[in-house]
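This report concerns only the one structure given below.
Letters A, B, ... are given to chains in the order of the sequence lines, protein chains preceding strands, and every chain is numbered from 1. Reckoned from all heavy atoms, side chains included, excluding hydrogens, waters and symmetry mates.
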Amino acid sequence: MKSLPAASTDPRDYLPAIEPERQVTDWGRSERVEGLMDRTVYEFLYHYWFRCEVEGIENVPAEGGALLVSNHAGALPPDAAMITKAIKEEHPRPRPLHLTVEHFFKGYPGFSMLVSKIGGIPAHPANVHRLLHDEGQLVLVFPEGRKGTEKLYKDRYRLRRFGRGGFVEAAMRAEVPIQPVAVVGAEEAAPVFAQMTLLKRLTGLLYFPITPTFPHFGLLGMAGYLPAKFRIRFLEPIPTDQWGPEPWNDRGLIQNVADDVRARIQDELYDMLAHRKSVWM
Amino acid sequence: MARRVLLTGLSSHWGGKLAQALERDPEIEVIVGVSPQDPTCELERTEFVRVGTQHALLRRIVQAADIDTVVDTRLIVDSVAASPRATHENNVIGTMNILAACSGPDSPVRKVVFKSSAHYYGSEQDDPAFFTESMRRPHPPRTLLEKDVVEAEGAVASFAERNPELTVSILRFANGLGPTLHTSHSAWLSLPVVPAILGFDPRYQFIHEDDIVGVLEHATRHDLDGVYNVAADGVLVLSEIASLLGRPLAPVLPPWGTGLALAALARTGLKVPPEMHSQLRYGRAIDNRKLKAAGAPLRSTTRETVSAFAQHLRVAAVKRGASEPYQYEREVEEFLRYSPSVRRADKTARLQG
């Protein structure tokens with residue numbers, strides 16, 4: 001038998017090389033589409049419409065993977081876009097942020113193209129692990145998921161259950177810190193007054209909310225935001241290497257960490273709300 | 001390890017190309033190619049035996065020629081290529097027969113290389129962005145071809161389990177692309193416009209035809225035990241592929257009722273196999289890092305593969321009909337190989353001796 005060349009076993013050594021001629025990444029993220037969105041929609045929303053105020057940007061690591069965890073609210077939530085833009089604008093070393101989205105988007109025409117082009121990736125544990133561990137990227141998750149966006153205006157800033165702690169396990173396995181993020185403003189920017197279950201079933205959408213502009217202004221009304229003031233606070237990262245080897249086998253620990261992250265964000269939200277003098281200014 | 005190789009599907013594209021590649025290696029003493037059809041490319045020293053997948057006959061060949069390595073390249077991965085029944089017969093029953101011919105306590109076979117397909121994973125909405133070898137498909141197979149691939153692989157995997165002393169390689173190939181390879185995808189990309197489903201831009205990975213042969217050759221010469229994904233580096237979206245080909249992307253297929261539209265299209269002569277429907281919608285990519293760690297040669301990235309295909313398309317219109325396809329003539333081949341009247345170069349004479 002011919003001997004094989006001495007090979008490393010770390011999968012990170014075998015990532016494909018970057019081809020500079022390409023404008024689309026292997027994940028389907030397009031520099032061109034993202035740049036266009038960034039220069040037009042995000043720029044306007046960030047600076048003029050929501051007038052974002054950012055605190056604690058220095059907590060976002062300048063290199064290596066990190067899992068950003070944020071609260072999530074509103075129909076077609078603008079929070080993900082604003083967190084992306086905040087890192088791009090305020091961070092000394094701007095980095096792309098990958099947003100995990102529901103598999104639903106991959107199957108819905110139009111969304112399927114757009115969401116992946118502007119940095120959305122299907123929320124599959126393998127995807128998150130590859131990005132965090134192998135590629136050392138920033139990934140943003142909303143552990144509330146659909147429960148957050150379905151939430152009505154009367155329940156604003158009350159965090160839903162944080163899934164089953166899948167995000168904690170993902171961060172532990174990838175050996176990257178968890179970075180909690182608290183966002184104030186999204187709930188007022190896109191308030192949801194009611195959810196129509198029947199219409200949701202008929203249209204095949206993820207949910208069918210009643211907002212100030214939807215459905216009477218059509219699908220575009222989904223993106224009709226009220227000019228609420230946005231405040232984004234990046235909290236202290238939580239290292240995940242403090243619990244010894246293979247901490248993900250301890251389901252209790254995972255649940256505790258998930259609850260802890262949730263409590264930190266919730267406390268921060270109360271604090272930010274207490275200091276907020278006006279929803280709009 | 002491999003000294004005496006048996007190739008199945010010699011008449012298939014891969015069988016022929018692989019035989020040509022192995023012929024160049026003097027360490028490989030014997031190459032026996034079996035296939036029910038004539039070979040489609042010129043071979044120097046490969047012995048061709050016209051036989052199907054009858055295991056009793058194959059077993060006699062394996063025993064008589066003292067074969068130590070069996071490379072199975074027969075798998076049909078494009079359901080347009082044959083009828084569903086013939087595909088099933090070839091992919092599932094044929095695989096079982098070949099495994100039966102390799103097994104037995106007195107079998108000289110030490111290694112089996114099985115060319116499988118990334119159709120094993122299918123293409124679904126809730127797929128991971130990159131399949132690794134240990135992943136299973138999230139849903140049971142939806143098309144007959146995918147079902148056959150999964151079943152055939154299951155047979156090979158259980159063969160490997162029953163014969164732990166054998167090296168069994170399962171190579172799951174991504175879609176191939178190249179100038180001499182004719183698949184449903186190459187037909188699709190050769191159209192004046194690249195049709196797409198409205199609102200979808202699927203991710204695609206192609207592997208260059210030469211790399212397919214290269215990887216098969218690598219697996220024949222080295223011992224790659226287990227399952228390996230075989231794909232080029234880089235994943236392109238369909239719109240990127242269209243722009244590399246220099247053709248407009250035409251999102252003419254409706255997102256709902258795509259199957260009906262494609263059925264109508266089949267009437268006009270453009271047959272799109274069912275396993276391609278979901279790929280055009282959701283795309284698929286596989287993680288090739290295990291293969292790269294095993295030292296397999298991959299010369300082209302997906303982008304380079306598509307660019308090479310684009311170059312081929314540009315001259316194909318001009319070159320059409322310029323070269324005669326190779327035709328196998330048994331008597332001529334036998335005369336050239338065995339007749340004492342033929343003056344052979346030293347190399348060939350040594351190999352004959």
Side-chain angles (χ1 to χ4, degrees), chain A residues 1-33 98 100-118 120-131 133-135 139 204, chain B residues 1-2 27 110-111 124-132 134-135 138 167 196-205 218 221-224 231-240 243-244 251 254-256 258 281-283 285 287-296 298 301-304 307:
Chain A
M1 187 189 108
K2 286 184 190 170
S3 65
L4 296 172
S8 115
T9 49
D10 189 346
R12 282 179 284 197
D13 295 343
Y14 298 100
L15 283 172
I18 291 165
E19 294 177 282
E21 306 92 339
R22 288 187 58 192
Q23 291 186 323
V24 184
T25 68
D26 284 357
W27 297 91
R29 182 179 197 141
S30 165
E31 230 171 74
R32 215 155 42 100
V33 177
H98 298 259
T100 58
V101 296
E102 291 231 20
H103 289 292
F104 160 86
F105 287 102
K106 198 174 159 196
Y108 214 77
F111 281 125
S112 165
M113 288 173 78
L114 188 68
V115 166
S116 64
K117 292 253 178 349
I118 59 177
I121 51 149
H124 191 288
N127 292 352
V128 176
H129 186 80
R130 184 177 165 120
L131 278 170
H133 181 262
D134 299 353
E135 300 188 11
V139 178
Chain B
M1 172 71 120
E27 280 188 27
R110 300 269 59 94
K111 176 154 80 169
E124 303 269 359
Q125 188 173 335
D126 42 1
D127 279 349
F130 296 88
F131 277 105
T132 61
S134 57
M135 288 177 188
T167 305
I197 301 176
L198 181 68
F200 289 93
D201 202 2
R203 289 160 68 242
Y204 262 106
Q205 227 174 358
H218 184 84
R221 292 212 206 150
H222 301 94
D223 287 352
L224 306 184
D233 274 347
V235 185
L236 305 184
V237 290
L238 192 59
S239 57
E240 226 181 336
S243 80
L244 282 174
W256 291 281
T258 317
R281 187 176 293 260
Y282 304 123
D287 191 332
N288 62 358
R289 287 181 285 171
K290 188 179 171 194
L291 181 82
K292 280 157 83 181
L298 289 169
T301 64
T302 299
R303 183 175 180 279
E304 287 158 0
S307 302

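- Screening B:T302, B:T301, B:N288 against B:D233 for a side-chain hydrogen bond (donor to acceptor under 3.5 Å, both in side chains) leaves a single residue, B:N288.
- Chain B forms more heavy-atom pairs under 4.5 Å with one residue of A:R22, A:E21, A:E19 than with any other, namely A:R22.
- With a 4.5 angstrom heavy-atom cutoff, B:L236 touches chain A via backbone and side-chain atoms both.
- For the pair A:T100/A:V139, a side-chain contact is recorded, criterion being any heavy-atom separation below 4.5 Å from C-beta on.
- Closest of all the heavy-atom pairs between B:H218 and B:G295 is CE1-O, 3.2 Å.
- Contacts of B:E124 with chain A are made by backbone atoms alone, with heavy-atom separations under 4.5 Å and no side-chain atom involved.
- Proximity to chain B (any heavy atom under 4.5 Å) is restricted, for A:H124, to the side chain, taken from C-beta onward.
- For B:A129, the parts lying under 4.5 angstrom from a heavy atom of chain A are both the backbone and the side chain.
- Judged by distance alone, the side chain of B:Q205 and the main-chain N or O of B:A232 form a donor-acceptor pair under 3.5 Å.
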Just distance, no hydrogens or angles: give the donor-acceptor pairs under 3.5 Å from side chains in residues 107-118 of chain A, sequence neighbours left out.
residue, atom, partner, partner atom, Å
A:Y108, OH, A:T203, O, 3.4
A:S112, OG, A:K106, O, 3.3
A:S116, OG, A:S112, O, 3.4
A:S116, OG, A:M113, O, 3.3
A:K117, NZ, B:D201, OD2, 2.7

